[in-house]
Protein chains: 2
Amino acid sequence: MRPLFHPALEDIRPEAILHALSDPVRAAIFARISGAGCVEACTNVAALGDRVIPKSSLSSHFKVLREAGLIRCERHGVEMRNHSRCAEVEARFPGLLSAIMGAYARAKSSEAVSE
Amino acid sequence: MRPLFHPALEDIRPEAILHALSDPVRAAIFARISGAGCVEACTNVAALGDRVIPKSSLSSHFKVLREAGLIRCERHGVEMRNHSRCAEVEARFPGLLSAIMGAYARAKSSEAVSE
DNA sequence: TCCCATAGTTCCGAAATTCCGAACTATGGG
DNA sequence: CCCATAGTTCGGAATTTCGGAACTATGGGA
């Protein structure tokens, strides 16, 4: 199994990051990977919130995140380990990821009271 | 002509903002509106960079930006004036827009030297 | 008032993208 | 060698995007 493609830091594009994180499911996956010790397997996120996400969809979500340069994936035995590339992306686009994830957190907390 | 729909500040969703700005054309339009005195008409952006954008596409780009809560549009006579809602969005999602627009600026300047 | 020019929207078919079930592949354990 | 588990690929349906052509709205004349 050859290693998966990951864009070099300088090839990471803002539109790819925004597109990847404009899907709430992917944003939630990315939040988990970033938060929970930077390691996560695919089936562990199968149920996000209340919704069950089919694994073919999950697979493509991970691919989008990976190709956007947001995560780094490597195979360990039969499972996949996904690491956030937060620190790298932060170096190239300062403040971007924290602002985006902060915005989601803010929206989530405000919908809890108003809606 | 009844006024166009604009989401209230508290109804603005991060995914809508990210989706709207994940398109480089829309991001460029938004950058212009934000930069150039916060006023811009539709046909004035018909040529962005080298590409000529058909006005039906422009119309829908403006609609996406408006419904995401990024701009405010009002008719003045025969033309449209578009104002950025930067300040409002900044209040709800601190740092988000400046990080995104900064990322685009950064990517643009780095592609000038490497690619 | 009527007509025209300009600015923008709507409609609709084509192209591209997303979704997800089913079949397939890869890896390790017994 | 076979099985179980993790993940990818395939393919068709649903959704979204693109853009040309027709349409609507507004204001400026004659």
Side-chain angles (χ1 to χ4, degrees), chain A residues 1-6 13 15-30 32-33 36 39-68 70-83, chain B residues 1-6 13 15-30 32-33 36 39-68 70-83:
Chain A
M1 191 80 186
R2 70 172 189 296
L4 297 164
F5 169 76
H6 293 83
R13 307 215 50 91
E15 57 266 42
I17 291 181
L18 298 185
H19 171 253
L21 295 179
S22 69
D23 180 322
V25 170
R26 281 193 294 262
I29 292 172
F30 181 68
R32 268 219 206 173
I33 293 175
V39 175
E40 191 77 17
C42 201
T43 49
N44 292 344
V45 285
L48 265 171
D50 47 354
R51 204 141 141 344
V52 174
I53 295 146
K55 62 180 189 167
S56 63
S57 302
L58 273 181
S59 180
S60 64
H61 284 324
F62 276 92
K63 186 181 181 191
V64 170
L65 290 169
R66 175 170 53 78
E67 294 185 343
L70 288 166
I71 63 176
R72 193 175 290 282
C73 312
E74 46 188 78
R75 207 176 185 108
H76 272 248
V78 81
E79 73 184 14
M80 212 62 134
R81 291 198 193 156
N82 305 287
H83 302 254
Chain B
M1 190 84 185
R2 71 173 188 297
L4 296 164
F5 169 76
H6 293 83
R13 307 215 51 89
E15 58 266 41
I17 291 181
L18 298 185
H19 172 253
L21 295 179
S22 69
D23 180 322
V25 171
R26 281 194 294 262
I29 292 172
F30 181 68
R32 268 219 208 173
I33 293 175
V39 176
E40 190 76 19
C42 201
T43 49
N44 293 344
V45 286
L48 265 170
D50 47 355
R51 204 142 144 339
V52 173
I53 295 145
K55 60 181 189 167
S56 63
S57 302
L58 273 181
S59 180
S60 64
H61 284 323
F62 277 92
K63 185 180 181 192
V64 170
L65 290 170
R66 175 169 54 78
E67 294 186 342
L70 288 166
I71 63 177
R72 195 175 291 282
C73 311
E74 46 189 77
R75 209 176 184 108
H76 272 249
V78 81
E79 72 184 14
M80 211 62 133
R81 290 197 195 157
N82 304 288
H83 302 255

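Letters A, B, ... are given to chains in the order of the sequence lines, protein chains preceding strands, and every chain is numbered from 1. Quantities reported herein were computed from a predicted structural model and do not represent experimental measurements. Hydrogens, waters and symmetry mates are skipped; everything else that's a heavy atom, side chains included, is used.
- In this structure the side chain of Leu65(B) reaches within 4.5 angstrom of the side chain of Leu21(B), judged on heavy atoms.
- Using modelled atom types, no side-chain atom of His83(B) and backbone atom of Arg81(B) make a donor-acceptor pair closer than 3.5 Å.
- In this structure, of dT8(D), dT27(C), dT10(C), it is dT8(D) that holds the atom nearest to the side chain of Ser59(A).
- In this entry the distance linking CD1 of Ile71(A) with C1' of dG7(D) reads 13 Å, nearest Å.
- Phe5(B) has its CZ atom 16 Å from the P atom of dT9(C), to the nearest Å.
- Nearest heavy-atom pair across Ala16(A) and Ala68(A) is O-CB, 3.6 Å.
- Scanning both residues, Asn82(B) and Ile33(B), for their nearest heavy atoms gives O-CG2, 3.4 Å.
- Looking only at side-chain heavy atoms (C-beta outward), Glu15(A) and Arg26(B) stay at 4.5 Å or farther from each other.
- The distance between atom CG of Leu58(A) and atom C1' of dA6(D), rounded to the nearest whole Å, is 12 Å.
- Counting to the nearest Å, the P atom of dA26(C) and the CE atom of Met80(A) are 13 Å from each other.
- Following rounding to the nearest Å, Arg81(A) (CZ) and dT27(C) (P) show an atom-to-atom distance of 15 Å.
- The distance from atom CD of Glu79(B) to atom C1' of dT6(C) is 10 Å, rounded to the nearest whole Å.
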Per-nucleotide pairing state of DNA chain C [Watson-Crick or G-U, under 3.5 Å; [ ] pseudoknot-crossing; | other strand]: ||||||||||||||||||||||||||||||
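- Counting only distance, with no hydrogens or angles, the side chain of His6(B) and the backbone of Leu4(B) share a donor-acceptor pair below 3.5 Å.
- Whole-Å rounding puts the Leu4(B) CG to dT24(D) P distance at 18 Å.
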Give me, pair by pair, the N or O atoms of the protein and of nucleotides 15-23 of chain D that are less than 3.5 Å apart, along with how far apart they are.
from, atom 1, to, atom 2, distance (Å)
dT17(D), OP1, His19(B), NE2, 2.9
dG19(D), OP2, Ser57(B), OG, 3.3
dG19(D), N7, Ser56(B), OG, 3.3
dG20(D), N7, Ser56(B), OG, 3.1
dG20(D), O6, Ser56(B), OG, 3.2

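- Ile53(B) and Ser57(B) get closest at one heavy-atom pair: CG2-CB, 3.9 Å.
- The shortest heavy-atom contact between Leu70(B) and Phe30(B) is O-CE1, 3.4 Å.
- Between Arg66(B) and Gly77(A), the one whose closest nucleotide on DNA chain C sits nearer the 5' end is Arg66(B).
- Between Cys73(A) and Lys63(A), every side-chain heavy-atom pair lies at or beyond the 4.5 Å cut-off.
- Atoms CG (Asn82(B)) and P (dA7(C)) sit 14 Å apart, rounded to a whole Å.
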